[in-house]
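Below: one structure, written as structure tokens.
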Amino acid sequence: IDLHHLLRREVEFLETDLFFKHKIETHVSFDDQVPSFWGTYTDLSQIFGNLLRNAVEAMHDCAKKELRITTYVKDNDICVEIQDTGCGIPEAGRATLFDPFVTSKVGDGKTSPQGTGLGLYMVYQLLK
């Protein structure tokens, strides 16, 4: 898998979201030393797609809307950082962050994000 190609594709998919396309400033910093590797492309696509969508939705009501995607190699590990300027996760909600059907997105799905509570649960399951 070419990780950078996969991440670029996930960002391209986000371009269909008008909020992302017109409101989010995206910064990408890919390390040329990140090697290709064996893995399941569809699983990684789902993982990074969920993480990126969560980052975008976290910035919905924020004045500053910046998304940063960074890759690098550290101690022979491939690292990916996805950062946003969103509201963050309250301390009280962190213990159940990866539990199924737990969400902090309680909007109507039209004017504000609405979640099912399965995105981070699926990310966790796929990574396991």
| note | Taking every heavy atom of F19 against every heavy atom of M59, the minimum-distance pair comes out as CZ-O, 4.0 Å

| note | Note: S45 and L6 closest approach over all heavy atoms is N-CD1, 3.9 Å

| said: Ignoring hydrogens, what is the shortest heavy-atom contact between A58 and C62? Give both atom names and the distance. | reply: O-SG, 3.8 Å

| task | Would you please test H5 and Y41 for side-chain contact (heavy atoms from CB on, under 4.5 Å) and show each step? | result | CA-CA 11 Å; H5 178 265; Y41 187 94; 4.0 Å; yes

| said: Can you confirm whether more than 12 heavy atoms, excluding those of F13, are under 6.0 Å from its CZ atom? | reply: yes

Under 3.5 Å, which donor-acceptor pairs do the side chains of residues 76-86 form with other protein atoms, sequence neighbours left out?
{"unit_1": "E81", "atom_1": "OE2", "unit_2": "Y72", "atom_2": "OH", "d": "2.8"}
{"unit_1": "D84", "atom_1": "OD1", "unit_2": "G86", "atom_2": "N", "d": "2.7"}
{"unit_1": "T85", "atom_1": "OG1", "unit_2": "K64", "atom_2": "O", "d": "2.5"}
{"unit_1": "T85", "atom_1": "OG1", "unit_2": "E66", "atom_2": "N", "d": "3.0"}

| query | How long is the span from the CD1 atom in I47 to the CG atom in L126, to the nearest 0.5 Å? | reply | 5.0 Å

Please list, one pair per line, the donor and acceptor atoms closer than 3.5 Å that link side chains of residues 20-38 to other protein atoms, with sequence neighbours excluded.
{"unit_1": "E25", "atom_1": "OE2", "unit_2": "H27", "atom_2": "NE2", "d": "2.9"}
{"unit_1": "D31", "atom_1": "OD1", "unit_2": "Q33", "atom_2": "N", "d": "2.8"}

| task | Mind checking the OH-CG spacing from Y124 to L127? Nearest 0.5 Å is all I need. | result | 9.5 Å

| query | Would V56 and L18 show up in the same hydrophobic cluster when neighbours are defined by side-chain heavy atoms closer than 4.5 Å? | reply | no

| said: To the nearest 0.5 Å, what is the distance between CZ on R8 and CG on D2? | reply: 7.0 Å

| remark: Value for CD (E12) from CD (E15), rounded to nearest 0.5 Å, stands at 8.0 Å

| message | As an exercise, state the distance from CG of L7 to OG1 of T71, rounded to the nearest 0.5 Å. | response | 7.0 Å

| query | So how far is it from L67 CG to L52 CG, rounded to the nearest 0.5 Å? | reply | 6.0 Å

